[in-house]
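Heads up: the structure comes next, in structure tokens.
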Amino acid sequence: MTDHTDQLKTITDIMRSTKVASLAYVSQQGDLVSVPMGTQDFEHPHTVWFLTERSTEKVAAIAADPRVNVHYAGKGGWVSLAGTARFVDDREKLRQLWDASADAFMSGKPEDPDNGLLEITASSAEYWDSPGAVAVAVQLVKGIVSDEQPDMGESGVVRL
């Protein structure tokens with residue numbers, strides 16, 4: 001059995017290898033929607049930072065219902081963070097996280113009053129550490145042609 005520290009390392013590795021996440025939230029109309037977001041930083045899987053504009057529907061919807069899911073999927077596996085989000089107006093942190101991708105996707109600079117941060121505070125993470133597409137295919141065939149349970153990688157749910 002993998003311990004909590006090893007699980008956190010696996011989650012962190014998958015998140016770091018996947019630059020674009022999918023942020024799911026409940027719209028003001030009550031629909032579950034998902035948008036791509038570039039992860040700017042995270043100190044620990046518990047706290048993730050995205051850049052955003054205050055005037056978006058996403059920020060208004062999150063202010064009304066802060067429950068979110070952030071999903072990372074890549075060659076190394078996937079991570080699903082469940083938690084809450086809030087808009088943060090911190091110019092110093094915004095300048096610290098601002099990079100060339102922000103210039104490409106956001107109007108203005110860090111000083112623009114519409115620009116800010118979306119802070120995600122995750123309460124749990126579910127993950128699957130994939131051994132890779134070829135290894136998964138081999139394991140699937142192995143499971144089909146034999147009585148052995150295929151090794152599809154490690155998975156689990158972690159309280160953060």
Side-chain angles (χ1 to χ4, degrees), residues 1-28 31-54 56-106 110 114-136 139 149-160:
M1 168 110 336
T2 304
D3 73 9
H4 190 260
T5 302
D6 289 340
Q7 289 175 314
L8 285 178
K9 182 183 177 331
T10 298
I11 290 165
T12 299
D13 290 347
I14 294 168
M15 289 173 66
R16 288 213 191 281
S17 71
T18 312
K19 294 296 182 195
V20 177
S22 179
L23 171 70
Y25 61 93
V26 179
S27 74
Q28 293 183 46
D31 297 320
L32 186 60
V33 296
S34 185
V35 296
M37 300 288 289
T39 302
Q40 290 308 113
D41 191 28
F42 66 94
E43 298 91 23
H44 177 283
H46 178 267
T47 305
V48 180
W49 295 94
F50 298 111
L51 301 182
T52 192
E53 294 167 323
R54 180 191 318 260
T56 62
E57 190 279 334
K58 164 183 70 232
V59 170
I62 287 170
D65 184 347
R67 296 174 299 156
V68 296
N69 179 272
V70 180
H71 180 242
Y72 293 85
K75 291 180 182 178
W78 63 260
V79 170
S80 175
L81 301 175
T84 58
R86 69 183 184 105
F87 182 83
V88 175
D89 189 5
D90 179 338
R91 296 291 124 194
E92 185 176 327
K93 181 85 171 167
L94 183 58
R95 278 189 290 277
Q96 174 193 349
L97 297 180
W98 196 272
D99 62 11
S101 68
D103 285 331
F105 290 102
M106 299 187 58
D114 195 40
N115 292 334
L117 300 160
L118 200 57
E119 178 186 30
I120 310 300
T121 303
S123 55
S124 68
E126 186 165 355
Y127 71 96
W128 175 47
D129 185 18
S130 169
V134 173
V136 167
Q139 289 296 319
Q149 184 73 22
D151 178 7
M152 302 302 287
E154 181 185 328
S155 64
V157 177
V158 179
R159 299 301 301 172
L160 299 174

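In this chain, residues are counted from 1 in sequence order. Side chains included, hydrogens not; waters and symmetry mates left out as well; all remaining heavy atoms used.
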| Other residues, nucleotides, ligands: >12 heavy atoms within 6.0 Å of Arg91 CZ | yes

Within the 4.5 Å heavy-atom criterion, are [X] and [Y] side-chain neighbours or not?
X: Trp49; Y: Glu119; result: yes
X: Leu51; Y: Met37; result: no
X: Thr18; Y: Lys75; result: no
X: Val35; Y: Tyr25; result: yes
X: Leu23; Y: Lys58; result: yes

| Applying the side chain to side chain contact (heavy atoms under 4.5 Å, CB included) test to Glu126, which of Val157, Ile11, Val158, Val79 qualifies? | Val157

Please find the pair of heavy atoms, one from [X] and one from [Y], that lie closest to each other, and give the distance.
X: Ala122; Y: Pro45; result: CB-O, 3.7 Å
X: Pro110; Y: Leu94; result: O-CD2, 3.3 Å
X: Ala85; Y: Val68; result: CB-CG1, 3.8 Å

| Residue pair Asp129, Trp78: steps toward the side chain to side chain donor-acceptor pair (under 3.5 Å) verdict | CA-CA 7 Å; Asp129 185 18; Trp78 63 260; over 6 Å; no

| field | Donor + acceptor pair across side chains of Tyr72, Ser22 (<3.5 Å) | value | no

| Check: Trp98/Asn115 side-chain N/O donor and acceptor closer than 3.5 Å | no

| query | Stepwise, does the side chain to side chain contact (heavy atoms under 4.5 Å, CB included) test hold for Leu160 with Leu81? | reply | CA-CA 9 Å; Leu160 299 174; Leu81 301 175; 4.2 Å; yes

| query | Do the side chain of Thr84 and the main chain of Ile120 share a donor and acceptor less than 3.5 angstrom apart? | reply | no

| task | Give a yes or no answer on whether the side chain of Asp31 reaches the backbone of Val33 with a donor-acceptor pair at less than 3.5 Å. | result | no

| Should the pair Arg16 and Phe42 be classed as cation-pi, given the thresholds of under 6.0 Å to the six-membered ring centre and 45° from the axis? | yes

| task | Decide side chain to side chain contact (heavy atoms under 4.5 Å, CB included) for Arg54 and Asp89; before the verdict, give the C-alpha distance in whole Å, the side-chain angles of both, and the deciding distance to 0.1 Å. | result | CA-CA 9 Å; Arg54 180 191 318 260; Asp89 189 5; 3.0 Å; yes

